[in-house]
Amino acid sequence: MAAALASKCSRVGRSLLGGLGKNLSGSLTASNETVCSSFISQQQRTFIQMRTVLKVVDNSGAKKVMCIQALKGKKGARLGDTIVASVKEAHPNGKVKKGKVVYGVVVRAAMQKGRCDGSEVKFDDNAVVLVDKQGQPIGTRVFGPVPHELRKKKHVKILTLAEHIA
């Protein structure tokens with residue numbers, strides 16, 4: 001997979017810098033690495049869409065879920081949006097079992113989101129809190145930071161259960 005990505009990046013670098021001539025081979029490899037690193041960083045920061053695997057950050061019993069559908073928007077889900085997901089990994093004695101279809105609220109997303117004051121918030125991982133159809137959390141604890149933008153999206157119960165509000 002790494003070799004395929006490297007060849008893809010080298011093709012991108014060659015196509016962008018192809019008209020410069022053959023005497024700039026040293027600068028071509030340096031530029032190629034720059035193009036490749038920016039290409040990889042752009043690929044990772046997208047919406048939460050179908051087949052995205054998310055970490056579950058509550059004590060409902062699930063460890064990982066895979067997004068089936070974002071309930072709002074055509075592109076995908078962002079912070080505070082509700083998704084439909086399938087449980088891929090679960091604890092043996094949890095409330096939620098593997099294979100169950102559940103609802104979840106996105107509480108951490110790798111894609112950046114602008115705030116009213118001009119700052120931007122983004123997280124290292126994509127994380128979700130499992131909720132029922134009415135929007136009430138299934139678990140009784142929420143681990144890790146949770147953005148305060150959930151208050152605008154009417155997920156106040158998740159904020160009260162959270163350890164840290166970012």
Side-chain angles (χ1 to χ4, degrees), residues 1-6 8-9 12 36-166:
M1 184 170 153
L5 184 62
K8 188 172 189 176
C9 288
V12 170
C36 188
S37 65
S38 66
F39 176 75
I40 291 171
S41 66
Q42 288 174 356
Q43 288 294 93
Q44 292 175 349
R45 308 289 184 205
T46 59
F47 286 95
I48 292 168
Q49 56 194 355
M50 191 184 314
R51 297 183 62 86
T52 302
V53 177
L54 299 104
K55 181 179 174 184
V56 179
V57 292
D58 62 5
N59 62 347
S60 61
K63 292 180 187 176
K64 291 188 186 232
V65 295
M66 185 170 68
C67 178
I68 296 174
Q69 181 181 12
L71 294 181
K72 230 179 193 183
K74 292 185 178 182
K75 287 186 177 180
R78 296 182 84 171
L79 281 176
D81 290 345
T82 305
I83 63 169
V84 180
S86 171
V87 178
K88 290 298 174 188
E89 292 180 26
H91 291 289
N93 297 328
K95 297 176 189 172
V96 180
K97 303 297 180 199
K98 181 179 175 182
K100 186 175 179 186
V101 176
V102 292
Y103 288 90
V105 175
V106 178
V107 294
R108 291 200 294 260
M111 184 178 181
Q112 63 187 12
K113 179 164 173 52
R115 288 187 169 170
C116 297
D117 61 355
S119 64
E120 293 179 337
V121 60
K122 69 178 176 180
F123 295 95
D124 292 335
D125 60 347
N126 297 320
V128 69
V129 170
L130 300 185
V131 296
D132 57 8
K133 289 188 178 184
Q134 288 78 30
Q136 298 300 315
I138 294 174
T140 56
R141 295 177 63 195
V142 176
F143 307 109
V146 174
H148 66 82
E149 281 87 3
L150 294 180
R151 191 176 310 278
K152 293 178 187 173
K153 302 265 187 160
K154 308 288 189 249
H155 298 295
V156 182
K157 181 71 174 171
I158 295 173
L159 285 172
T160 59
L161 297 175
E163 292 177 350
H164 182 264
I165 298 174

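Bear in mind the structure is a predicted one, so any value in this text is a computation, not a measurement.
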Practice task
Just do the side-chain contact (heavy atoms from CB on, under 4.5 Å) check on Val56 and Val96 with the steps written out, would you?
Solution key: CA-CA 11 Å; Val56 179; Val96 180; over 6 Å; no

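- In this structure Arg115 satisfies the side-chain hydrogen bond (donor to acceptor under 3.5 Å, both in side chains) test together with Glu149, sequence neighbours excluded.
- Gln69 CD to Met50 CE: the interatomic distance, rounded to the nearest 0.5 Å, is 7.0 Å.
- Here the straight-line distance linking atom CD of Gln136 with atom NE2 of His155 works out to 10.5 Å at 0.5 Å rounding.
- When each of Ile165, Leu79, Ile158 is checked for a side chain to side chain contact (heavy atoms under 4.5 Å, CB included) with Leu150, only Ile158 meets the rule.
- The two residues Ala70 and Ala77 come nearest to each other via the heavy atoms CB-N, 3.8 Å.
- Annotation: side chain of Val53 is not in contact with side chain of Lys88 (no heavy-atom distance under 4.5 Å).
- When all heavy atoms of Phe47 and Lys75 are compared, the closest pair comes out as CE1-CD, 3.5 Å.
- Note that NE2 of His148 is 9.5 Å distant from CG of Leu159, once rounded to the nearest 0.5 Å.
- Within the model, atoms CZ of Arg51 and CE of Met66 stand 5.0 Å from one another, a figure rounded to the nearest 0.5 Å.
- A donor-acceptor distance shorter than 3.5 angstrom exists from the side chain of Asp117 to the backbone of Ser119, with no hydrogens or angles considered.
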Practice task
Could you please spell out the steps behind the side-chain contact (heavy atoms from CB on, under 4.5 Å) verdict for Ile83 and Ile68?
Solution key: CA-CA 7 Å; Ile83 63 169; Ile68 296 174; over 6 Å; no

Handout entry: Stepwise side-chain contact (heavy atoms from CB on, under 4.5 Å) test for Val146 and Leu161
Key = CA-CA 10 Å; Val146 174; Leu161 297 175; over 6 Å; no

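- Listed for the Arg78 side chain is a donor-acceptor partner under 3.5 Å among the backbone atoms of Gln112.
- Residues satisfying the side-chain hydrogen bond (donor to acceptor under 3.5 Å, both in side chains) test with Lys153, not counting sequence neighbours, are Asp81.
- Although no hydrogens or angles enter the test, the distance criterion places a donor-acceptor pair under 3.5 Å between the side chain of Asp58 and the main chain of Leu130.
- Taking NZ of Lys98 as the start and NZ of Lys63 as the end, the distance is 10.5 Å to the nearest 0.5 Å.
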Problem - Derivation and outcome, side-chain contact (heavy atoms from CB on, under 4.5 Å), residues Val106 and Asn126 - result: CA-CA 8 Å; Val106 178; Asn126 297 320; over 6 Å; no

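- Partners of Thr140 under the side-chain hydrogen bond (donor to acceptor under 3.5 Å, both in side chains) rule, at least two apart in sequence or in another chain, are Asn59.
- Nearest heavy atoms, Asp132 versus Tyr103: O-CB, 4.3 Å.
- Gly144 and Glu163 make their closest contact through N-OE1, 3.6 Å (heavy atoms, listed as atom of the first residue, atom of the second, distance).
- Taking a 6.0 Å sphere around NZ of Lys97, one finds it holds more than 12 heavy atoms contributed by other residues, nucleotides or ligands.
- Annotation for Lys95: atom NZ counts as buried by contact number, over 12 foreign heavy atoms lying within 6.0 Å.
- Taking OG of Ser60 as the reference point, atom NZ of Lys100 lies at 9.5 Å (rounded to 0.5 Å).
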